[in-house]
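Written out below as structure tokens is the structure these notes cover.
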Amino acid sequence: MAVHKTERRLPADFAATDLGEAVVSPDNKLALVSYYSSPSALNREQTYVAFVLDAALQGSVAHYQWQLGTLDTQTETGVWTHSPDDVGTMELTLTLRDGGGASLKSVTLSQTVVPPNQDLENLIQLDVVRPAADDPATSREVINDFLLYYHQLAPLATAEHLNRLLFGISYVECQDHAKSDRETLLGNLANQINNDNPLAFYQQANAGAGICSIRPPLLAMVYSPGGGALLPWAELPQDEAARNAAITAQQTTLSGLAEEKHVDIFNLLRFPKANLTLCKQICDALRTRYFAGDSYSTILVDATRAGQLIDEFKTGPFALGTP
Amino acid sequence: MAYHDRVIGRMVSTLWFQLGTNVPSATGAGGGVSPGTPPTVFGVPEHVPELTYVSTSGAAGFLNDALTYHAIYGLNGAGLTQPGRIDSLEDLIDKLRPGSAHIGRLRVVSHVGLNTTTIDANMNLPFFNGGPAFIRREMLEGFAIDDETGLRALIDKNSFRNPTSPYFNSLVSESLNILRIINPGVLAPFGLNSSGTPSGDLELYFFICSDLLFVALAARDTDYCQVTFNGTALTNQQQSRLNASLTLIADAIKSRISGTTIGTTMITDQHLDDLRTTIVNLKFFLVKPDPSFANAGIRNLMLAGILGYLRANNAAVLAPFGLNTSGSPAAGDQMAFFQVCADMLYVSLFDRDPAHCGLQLNGHNISPQRERPDLDASLQAIYTAVKSRLSGTTIGSTTLTDQHLDDLRDAILSPNVGGSVVPLTLADLNIANVNFGYADLGSRDFAANYDMFQLLHSANTAIGNNFRAHLNTVRARFDAHSWVDIRGCRIGQDRDYLLALRAFFGSSANQPSVSGPTWYQSFPSAGFQPQTTEAQVDHLFDNGFSSHSATQIQDTFNEVSRLAGIDIHITFWEQLTNGETFAFVALVWKGSLPQLPIEANRLDGFLALDLSDTMTRLSQIFDVGAPAAASFTRIEAKHAQMAALQTEIETIADLASQASPPEADLTASFNRLHTISQQLSLTTVPTTPPASLQVSHLQTYSQQLKRYFEIVTIPNGPDNLYQAYLQIEALAAQASPPAADLSARFQDLKQIQTNIGASGIVPATEPASLTAAQLQGYVVQLTNHLNSTADMVTFQQAVHGKTQHAKAAFRYYFFIGMPLLVDVYHQNAFYYSFGALSTQAIRSFMHAQWQEPLPTGNHVGTATMAQVNARRISILSEDQHHGPDPNYGGTDLDYVNPYPEFDDHIEKVP
């Protein structure tokens, strides 16, 4: 099976390591990216995506071989999930094979597996302080899988409030959209792109996708590969009918972009690290446009302004003061 | 709830504060040549405690080892510069009490016993100051609740939480019965003066009063009842200590009852004190019914005899009772009065005719000295109480007076016959003989292998010294994120014990986690053996050392190497040194060198080293000769441009991966290449970019610049070879390069061949139909010739060769300054290290034993391999025999901190 379109290129202006933990072959023809960065937590499902970046190679790949310890699995697509069942160092070797089984290219990604966050497990087990652990499934995902990314994107020393904002948005969205549902949606979105149905892609992603449930039009207004946004900034009308019409128009406009743009938007939504990065960029843009560029530490300590910023992210952009 | 409120809620949530702020260790997988990511932590090290205490109880060897082990790491007790010593758990509480800061992690080292049948652990540490060194789980559980429950747990581990009976045989119903006769007033506030049974706390109070009475009776006369300790009657001191504990329990219950209301009566301390005093002072013969009360046959016989005699000889005395001719005493006080008089007569008969009127206690006659006074006083108490109630009552038309009652008693006990007192005999009563024996109240033996009464005494004293308040003060310093690490043999096998410690140190939701080893804990000092040459390192690998076989050395290394990520490093060096020398020398790869999870001296500060220092360091690490100083001088003069070019090459590769790289990015890259070219005094990159700048242009410029380093800088080649190269490249770009130009370049190359001492590359005669490609081939070969002797190239090859060696990882481990601790069995642990780096190696392993930074007072920075205490390690052993590992024919496994298997044998609760 030929390499899917969704695994043929990295988003413009994004390196493989901007998507997750990654290893790239020395000739830059193959990149292996995992959703979560080391150390990953025991028994938590990790997703690996193989990007075949070389056109000639793309035409030759028939199978993907995933070797991890004694595990040896072959897939027809470049996506593989695995839940590590032992702590320590694990080395995943991805080998691209042609129709005759010959090895085309190989990379090895070494990762560390550690026990799940014990402090969280302690909180969850303590009934009396259960509120502190919040929703256990979501807390496990956020603390075990995403925590490093919050701190990479928004270090506490310099961006504590942004750190909290990313934490808060992703927590609520992951609680509202279970991981299995999110992955199902991403699978459907990939199918639409791989089957040349961009309009259906944008329609199905209308409510948002990925761990922060980012809406593609909002992402496209902020994501600016090479300096220009994919979609001009446009506030949504207050009137519901007009608003729906505007959204439909945005979807139509986006579907007319070059195919590589759809792929890039999809991958930015798909990978948790990239999704958080875009969430940050969107919030940055909203802060600049509607809060006079005030710092997060100023905006987010004011409940009214914090609420406005968060609502803009969830449903905007709209002129401040309108719903 | 609005969406933004939910988000804000999470932004200020406990979860974010408690866990979200903990920055995880980023391992940062590298791209390009980076083969992966090493482990972030070397094994699973122990956590650094904020406070450390070592017990003073028990064999000193283990405790002294523990003391020195922790001292060298600067682990200290409160206000100390070394671990604190504790004489007891109470002592620990006292030492923690002055502070108020949150305690994140407390470590206590103590001997621990374990009953391997029941898996019951006990810390060999006094609970309270001056007590025996023995802490049962139930003691912790009891004092975790309150002092009353704690004391109960000291007395009886089986029912300390919800007692359903007194500790000794219950005297509650007997006490109620007799008090209703002799002192119902003391029961009246509780509504028990005529009937009923106590419940709830009042029942517990009666239980303790019963116990106090039992202990008092046992102390008075062991024929009444017995309290023993390991089969021996209690000493006065033991009785006193037990009494004190029971009294503390009674006081605790009293405090709960006092102030409550029963019926319409508010219970006061006085009510309760009166009740307790009255019960505790009851005589044996009051709680143990006397003959007439206890034995219906004797009662009827005596009553019949007395009534028969009086009717015949002194009927008048019965008249007020209406019994002068017939009838029996009415039930109740009237009958009780006749009974107590009958008992008094019985005692008198026993005095005068014990052969026919027996009265025994536990098979022997009532002792005149010890028991008889109690018996007489008991009967008198009953007589007085009953008489007071009967006097003034009416029988028929007669109102009874004290005189009537005393007259009747006297007529029974001392009848006046003809002016003389002639006591009644059995014959007067028409009784041939009669016998009665008292049984005792039972016994209770306390069995323990520690001095239980010393324990009670220490507890009583501690409670009197506000132990509870002190404990609560300390508990406030722990919360659900705190840890208490107990390091004592096998305590972790008893999870319930760890949970009991958790409850003891915590309160409600703020209970700390507790950990403890499931195996034997020790802190021995390992030996050491430095290896001074690569050959010695190889010899160690191949042959082992002393009692460590080669297999044992290699097995240990394989495990440690995995933990340290050594293979990842070797792969990194292998790939790096197998690549282009230009990239190797440019050093841009440094940022991709995975960081090891354990300190390695020769990699410390590695990223900041310049070219010569980097290569010198590599020469040390791989034990190969370094390039000449002149080479460093030559290359370093242009190294900034080399590094910039390597970075630019990677940027250009990134641009090449883009379908439509931004023009601005292309131009910026061109400008950077031009700057590099200018700085090298080259014209390789023109001042202005081509009209339609493409990535391919950038690739060409960057490759041509790189060739400058490969031809000139690295091998110290001639500039004119590079100039020839550029000219030939230009010719090759032409569809039909002029033959004259090709010929001129051929001559140039021929001369250069001579100049650099090469031969056989450029032929003596120009080939027919000379092509640019042929000239390019000559340039490559000439360059290869230069590089074949370039010391930087041969150095890179030498390093690569080392990475290919079968023992490459083993050597590397030693030569970067890591220690190999081989512990195949406990008493023969050894550190192996590279001799010149032994000090750094031991410090590395010392740091590796702890997950967090050590306190500032630690001595790791001055530790050396020669110091016994620096080589001290924390070991968990499967058993105490200290034999070889089962993998090598033995039975005993040992694991050293921080190897993961060590942590596997640390039990943690909850």
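Residue numbers start from 1 in every chain, and the chains themselves are labelled A, B, ... in the order their sequence lines are given, proteins ahead of strands.
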So for [X], is it side chain, backbone, both, or neither that comes closer than 4.5 Å to the heavy atoms of chain B?
{"X": "A:Asn117", "result": "side chain"}
{"X": "A:Tyr150", "result": "neither"}
{"X": "A:Ile169", "result": "both"}
{"X": "A:Ile143", "result": "side chain"}
{"X": "A:Gln175", "result": "side chain"}

Does CD belonging to B:Glu559 count more than 12 external heavy atoms closer than 6.0 Å?
yes
Roughly how far, to the nearest 0.5 Å, is the [atom2] atom of [Y] from the [atom1] atom of [X]?
{"X": "A:Leu165", "Y": "B:Met11", "atom1": "CG", "atom2": "CE", "value": "5.0 Å"}
{"X": "B:Tyr3", "Y": "A:Glu173", "atom1": "OH", "atom2": "CD", "value": "3.5 Å"}
{"X": "A:Ile310", "Y": "B:Asp5", "atom1": "CD1", "atom2": "CG", "value": "8.5 Å"}
{"X": "A:Arg164", "Y": "B:Ile8", "atom1": "CZ", "atom2": "CD1", "value": "11.5 Å"}
{"X": "B:Ile568", "Y": "A:Thr89", "atom1": "CD1", "atom2": "OG1", "value": "5.5 Å"}

Are the side chain of B:His4 and the backbone of A:Lys314 linked by a donor-acceptor contact shorter than 3.5 Å?
no
Do B:Trp16 and A:Asn163 have side chains that get closer than 4.5 Å, going by heavy atoms?
yes
Using a 4.5 Å cut-off on heavy atoms from C-beta on, say whether the side chain of A:Val142 contacts that of B:Arg10.
no
Let's test your reading of the structure: which of A:Leu300, A:Asp176, A:Asp27, A:Asp54 forms the most heavy-atom pairs below 4.5 Å with chain B?
A:Asp176
How close do A:Gly226 and B:Pro662 get, counting heavy atoms only, and between which atoms?
CA-CG, 3.5 Å
